[in-house]
Amino acid sequence: MTQLLSPGGTVAMAVRALDAGADAVYVGPHGWSRRWENAEIQDGEIREVHEHAVAQGKSVTLCFNCHCASREVPLMLEKIEGYVGWGIENFTLLDHGIIALVRARFPHVKIRGSLATTIINMDDVAFLKEAGVDNVVLRPDCYSPEEMRMVREQYGLEVEVITCGNRDFAHTGRCVMSPYTQKGSKKNAEGREMHPGSPNRGGLCHRICLSEWHVTERGESVFCGKLPNLHYVFLENIERFLDVPVDWFKLQGRVYSAGHIEKLTRFFRALLDASESLSRDEFTQWKADNKPALDAIFDERDRERVAQTSVRLELEAGAIGVP
Amino acid sequence: LFRLATHVRTLGELRGADYSRFDDFYLGDYTCMGSRSLSVDAGALKEAVELLKADGKRVYVSPVAFPITSDLPAFYGFLAEAADLPIDGIELSSVGVADRLLRDAGNDWDVHVGIFANVYTTATARVLKGMGVSRMFANPELTLDELAEMQDDAGLDVIFQVHGKLPLTPTVPCIFKHTQPGFGCAQHIAEPGKKQVLETSRWPENHVLLCYGKLMASGRDVCMIEHPGRLKALGARHFYINTLCEPPECIEAVSAVYRQALERVSAGEGFDVAAAKAELHGHSPFGFANGFYFGGPGHRFVSPEELAAGAAVGPQGGREDGR
């Protein structure tokens with residue numbers, strides 16, 4: 001049965017998502033994940049969320065899904081060791097070298113390969129399996145449902161699909177347009193070097209793609225507007241993932257409000273339950289009946305996205321002195 | 001003492017400019033399988049290899065960086081066709097594909113890792129070295145010191161880009177199709193040098209990006225002509241100039257300037273830096289950049305004087321060098 005993985009950008013968001021039916025939540029330890037610091041949580045809060053999840057028979061995944069400097073790898077391993085000591089056993093990792101180090105040092109933990117590992121073919125899956133991951137995020141534009149099934153059966157890996165999120169115009173984790181234009185440097189309390197402006201290194205993405213661009217070719221104007229960057233949700237053909245079956249539906253959105261994530265989680269909990277309990281025809285009708293509710297949630301998401309982007313850019317601009 | 005490399009996408013480009021100052025050639029278009037490049041057209045590749053081998057050059061095939069699973073049959077089919085050519089190696093950004101090739105007992109090609117493999121840490125460089133990778137491009141936002149540390153600690157040759165547009169983002173959709181509805185691959189094949197200029201007024205600083213279809217790059221040219229001594233001191237031996245879609249006179253002039261500068265510095269001699277810089281400026285309509293190498297935003301430009309004054313690192317380090 002497909003399980004639901006929801007974001008926990010704050011303690012409140014994580015708790016509300018778990019209470020709304022998420023099977024697990026993913027959270028970012030402060031300074032170590034691919035989100036700005038207000039969507040990451042401190043160690044004491046991580047423990048609080050972990051205990052709340054365990055009490056419900058659920059779990060927490062810690063996202064170390066940005067790149068650290070080579071000299072910071074020992075610090076990362078030390079932090080992971082501390083979390084393992086609390087009983088946390090799920091980690092989302094990005095860097096191939098660090099995946100290998102964590103697998104060697106903590107053989108029993110579950111390692112999820114971050115979306116930003118950008119695996120795009122079966123050879124990449126085989127490589128990550130060899131490196132030691134247990135779970136891979138597969139992009140439906142790179143892997144067909146048949147290939148997802150093969151990943152489960154041939155490689156014994158859990159398959160995760162991002163059911164709603166942003167469809168970046170770039171290969172996730174490979175874009176350095178933001179730090180090309182804005183990049184800072186500061187250290188957090190534990191000595192980790194933060195790079196505002198560089199999402200690959202844990203800073204805020206300045207969404208360069210969403211600037212208003214004037215495009216010319218040989219001096220002639222050909223386009224004015226933004227580069228493609230749309231959010232999406234799988235509903236209409238979601239059966240193709242349920243039939244694999246994929247192991248996890250992941251909802252993106254650590255930067256949104258706790259209330260929004262609760263609604264989204266509640267919707268997909270109901271969807272997964274309906275897919276289990278109803279006939280295929282009844283499930284199709286369920287989707288049609290509930291589509292307006294999902295549309296309303298997404299209207300709210302769009303409004304939050306615009307507002308959040310604006311606020312975040314202002315905040316980080318202040319942090320690094322950008323006009 | 002050192003080797004100077006570049007990419008050449010098509011036979012037409014190779015025949016249309018003087019590439020004699022380069023030692024190593026990456027042949028093909030790593031951004032797209034739709035183009036009729038040297039990494040798609042085996043006949044053209046054969047001719048290109050013959051031309052370059054007659055001049056004593058080393059040649060590496062550079063296939064598309066992101067082959068999805070359904071691309072793999074054509075991808076490996078092309079490599080099988082190329083296997084009989086006197087090619088020295090291959091550049092790959094899919095680590096899974098690199099791993100598969102290196103495990104293939106019949107493979108005698110060197111394997112280099114491309115810029116979009118996203119290597120950020122020494123830990124990953126060590127994994128690549130262990131696989132048998134012999135040379136690599138690291139992620140472009142790393143500093144010179146990080147690159148040197150990676151080279152020393154992992155024992156893997158790192159390629160340092162010394163000039164040319166900085167690859168910033170491999171895009172999933174073809175941006176030409178976004179900015180020019182109705183544009184198709186056939187038109188791109190007919191016009192392989194097509195590029196678009198993107199400008200925005202979002203910042204007071206002049207941010208210009210270039211689009212090559214499925215690749216976004218900096219408008220400014222990385223320029224390290226003032227820093228060859230520092231590169232030498234760091235142990236850099238493999239240098240790269242990005243010549244993608246540059247006019248022949250630019251390719252000839254820029255490669256000549258760097259060839260001479262690197263030879264002189266390698267021999268412990270000086271060269272006329274001001275004259276070299278002035279020559280390069282004439283081929284850089286949007287100015288110079290090298291900020292990533294010194295810890296700042298990629299678009300900034302840092303001179304040795306600013307470096308010596310300790311003002312180079314950070315978001316406001318260096319200066320604008322746009323035109």
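FYI, side chains are in, hydrogens and waters are out, and symmetry mates aren't considered; it's all heavy atoms of this structure. A quick note: this is a predicted structure, and the numbers were derived from the prediction, not measured. Below, chains carry the letters A, B, ... as their sequence lines are ordered, and counting in each starts from 1.
Between A:L227 and the choices B:L209, B:I175, B:T169, the side chain to side chain contact (heavy atoms under 4.5 Å, CB included) rule is met once, by B:I175.
Heavy-atom distances place the side chain of B:R100, and not its backbone, under 4.5 Å from chain A. Only the side chain of B:E146 comes within contact range of chain A, with heavy atoms under 4.5 Å apart. Only the side chain of B:P140 comes within less than 4.5 Å of a heavy atom in chain A; its backbone stays farther off. In this structure, the portion of B:Y76 lying under 4.5 Å from any heavy atom of chain A is its side chain and not its backbone. Residue B:A125 does not touch chain A at all, counting heavy-atom pairs closer than 4.5 Å. For a residue to count as touching a neighbouring chain, one of its non-hydrogen atoms must lie under 4.5 Å from one of that chain's; by this rule B:D153 does not touch chain A. For chain A, the nearby part of B:D99 is the side chain; its heavy atoms alone come within less than 4.5 Å. Contacts between B:P167 and chain A at a heavy-atom distance below 4.5 Å involve the backbone alone (N, CA, C, O).
Put simply, the side chain of B:H178 gets close to the backbone of A:K226: a donor and an acceptor are under 3.5 Å apart. Looking only at distances, no side-chain donor or acceptor of B:T171 sits under 3.5 Å from a matching main-chain atom of A:F169.
Taking both residues in full, the closest heavy atoms of A:S211 and B:T200 are given as CB-OG1, 3.8 Å, listed atom of the first, atom of the second, then distance. Here the shortest heavy-atom pairing between B:S94 and A:N121 reads OG-ND2, 3.5 Å. Here the closest non-hydrogen pair linking A:L101 and B:A123 is CD1-CB, 3.9 Å. A:D124 approaches B:G96 most closely through the heavy-atom pair OD1-N, 2.9 Å. Heavy atoms only, all atoms of each residue included: B:H299 and A:T181 are closest at CE1-O, 3.1 Å. Taking both residues in full, the closest heavy atoms of B:S70 and A:E147 are given as N-OE2, 4.4 Å, listed atom of the first, atom of the second, then distance.
Ranked by heavy-atom pairs under 4.5 Å with chain A, the first of B:N118, B:V127, B:V97, B:L142 is B:N118. Ranking A:I120, A:T117, A:L128 against chain B, the residue ahead of the rest is A:I120, based on heavy-atom pairs under 4.5 Å. Ranked by heavy-atom pairs under 4.5 Å with chain B, the first of A:E217, A:R218, A:E72 is A:E217. The choice from A:A69, A:C175, A:G225, A:G173 that makes the most heavy-atom pairs within less than 4.5 Å of chain B is A:C175. With respect to chain B, the highest number of heavy-atom pairs below 4.5 Å among A:R174, A:H214, A:H96 belongs to A:R174. Chosen from A:V125, A:V222, A:D95, the residue pairing most often with chain B at heavy-atom distances under 4.5 Å is A:D95. The choice from A:D141, A:N200, A:I98 that makes the most heavy-atom pairs within less than 4.5 Å of chain B is A:N200. Per-residue heavy-atom pair counts under 4.5 Å with chain A were compared for B:K195, B:M131, B:K194, and the maximum is reached by B:K194.
Applying the 6.0 Å contact sphere to CD of A:E146 captures more than 12 heavy atoms from other residues, nucleotides or ligands.
In this structure the side chain of B:F66 reaches within 4.5 angstrom of the side chain of A:H171, judged on heavy atoms. Between A:D123 and B:L72, some side-chain heavy-atom pair lies under the 4.5 Å cut-off.
Using a cutoff of 4.0 Å between basic side-chain nitrogens and carboxylate oxygens, B:E141 and A:R201 are not scored as salt-bridged.
A distance of 11.5 Å separates SG of A:C209 from CG of B:L198, quoted to the nearest 0.5 Å. For the atom pair OG (A:S144) and CD1 (B:I68), the distance works out to 9.5 Å, reported to the nearest 0.5 Å. Considering CZ of A:F223 and SG of B:C211, their distance stands at 10.5 Å, rounded to 0.5 Å.
Between B:F292 and A:Y180, the two ring planes are perpendicular [angle over 60°; tilted spans 30° to 60°]. Classified by interplanar angle (parallel below 30°, tilted 30° to 60°, perpendicular above 60°), the ring pair B:Y120/A:H67 is parallel.
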